[in-house]
Amino acid sequence: MSSTSPLNPAPSIGAQNAFNAANNLVALSLQRQSTGLRINRGADDPAGLISSEQLQAQLAALEAETRAADRASAVAATADAALSTVSDQLAEAKALAVANANTGGMSEAEIEANQMQAESILQSIDRQLSNASFNDVKLFDGGVRLSARGETYDVPQTSLNTLGLGGVNFANTDELSSAVDTATNRVNTIRGDLGAFQKNVIDALKRNTQVEFENISSANSIIRDTDFAAESAFFARASVLGATSGTALQFTNSQPATALNLITG
């Protein structure tokens, strides 16, 4: 039988293959548009999948680093808030010491009342420093370390004794005033060191990590995500091919029947 014979199945097989291929392209395009991903399995783009998985691992590491930095920043902010309260309380104690130093016109009862109030303030400071915590971890026991990409800051142990306020004589206004000044300077130093670490290390890390995350996310999106403009054009082309190959398949399938009618005519 000649290859040009109307009974030759080759044209029908070719049309069937073209029709199936076009439908596969349509299905692939629909999958990409419905999932929003250009790569849904390794076979879609093996090299692209490997690159994308590596980028996603980097993104996961950056997310973990950001969470750790956020936590460290929260710890630093909590410690600073506690020290700010202590600083305010020391200012009150200083005012009382100054008032008692100027005894002119003050009764013994007023002086004693100021001494009692100063003592109460220091007791409150002691409670504040002892109870300050983050997630049930004491902040001023000397066991809190903040870290960011290899840099660390140990929150110093802070108490009445380390501030020089332990055993202060409240009746001695000069001693009280001097002790409060020393404690205030130490608190301010701790706050300054803590704030510098938070601003120059933790916050800087968070900014850098955010930029890294955005850039890597963009690179990963280019590799893995669907380009909907391009995919829409691809889908339209595949749909046209599917319609055309379907028409061709119908035509080629009708040829044997036509030829048989002519033969048996």
For this session: With rounding to the nearest 0.5 Å, note down the distance linking CG in L90 to CG in D181.
Result: 9.5 Å

Exercise. After noting the C-alpha distance and the side-chain angles of L146 and L194, does the key distance pass the side chain to side chain contact (heavy atoms under 4.5 Å, CB included) rule?
Worked result: CA-CA 9 Å; L146 306 179; L194 182 61; 3.8 Å; yes

Exercise. Is a side-chain donor or acceptor of N215 paired with a backbone partner of E212 at a separation under 3.5 angstrom?
Worked result: no

Seminar exercise, completed: The reported gap from OG in S130 to CG in L139 (rounded to nearest 0.5 angstrom) is 11.5 Å

For this session: Keeping to residues at least two apart or across chains, list the salt bridge (Lys or Arg N to Asp or Glu O under 4.0 Å) pairs with something in residues 121-148.
Result: R145-D154

For this session: Name all pairs fulfilling the ring pair (Phe, Tyr, Trp, His ring centres under 6.0 Å) condition that reach into residues 36-87, sequence neighbours left out, sorted by first residue then second.
Result: none

Problem set entry | Note, S159 side chain near T162 side chain (heavy atom, < 4.5 Å) | yes

Problem set entry | Sequence neighbours excluded - ring pair (Phe, Tyr, Trp, His ring centres under 6.0 Å) pairs with any residue from residues 151-185 | Y153-F197

Problem set entry | salt bridge (Lys or Arg N to Asp or Glu O under 4.0 Å) evaluation trace for R38 with D44 | CA-CA 8 Å; R38 185 182 68 85; D44 292 337; over 6 Å; no

Exercise. What residues, two or more places apart in sequence or in another chain, satisfy salt bridge (charged side-chain N to carboxylate O under 4.0 Å, His left out) together with D203?
Worked result: none

Exercise. So, S52 side chain and G48 main chain: donor-acceptor pair closer than 3.5 Å or not?
Worked result: no

Problem set entry | E175 side-chain N/O to N169 backbone N/O, donor-acceptor pair under 3.5 Å | yes

Seminar exercise, completed: The complete set of ring pair (Phe, Tyr, Trp, His ring centres under 6.0 Å) pairs with one or both residues in residues 121-148, sequence neighbours excluded, reads none

Exercise. Residues two or more places apart in sequence or in another chain: which of them pass side chain to side chain contact (heavy atoms under 4.5 Å, CB included) with A61?
Worked result: none

Exercise. Salt bridge or not for D70 and R67, using N-O below 4.0 Å?
Worked result: no

Exercise. Taking the side chain from N114 and the backbone from L96, do they hold a donor-acceptor pair closer than 3.5 Å?
Worked result: no

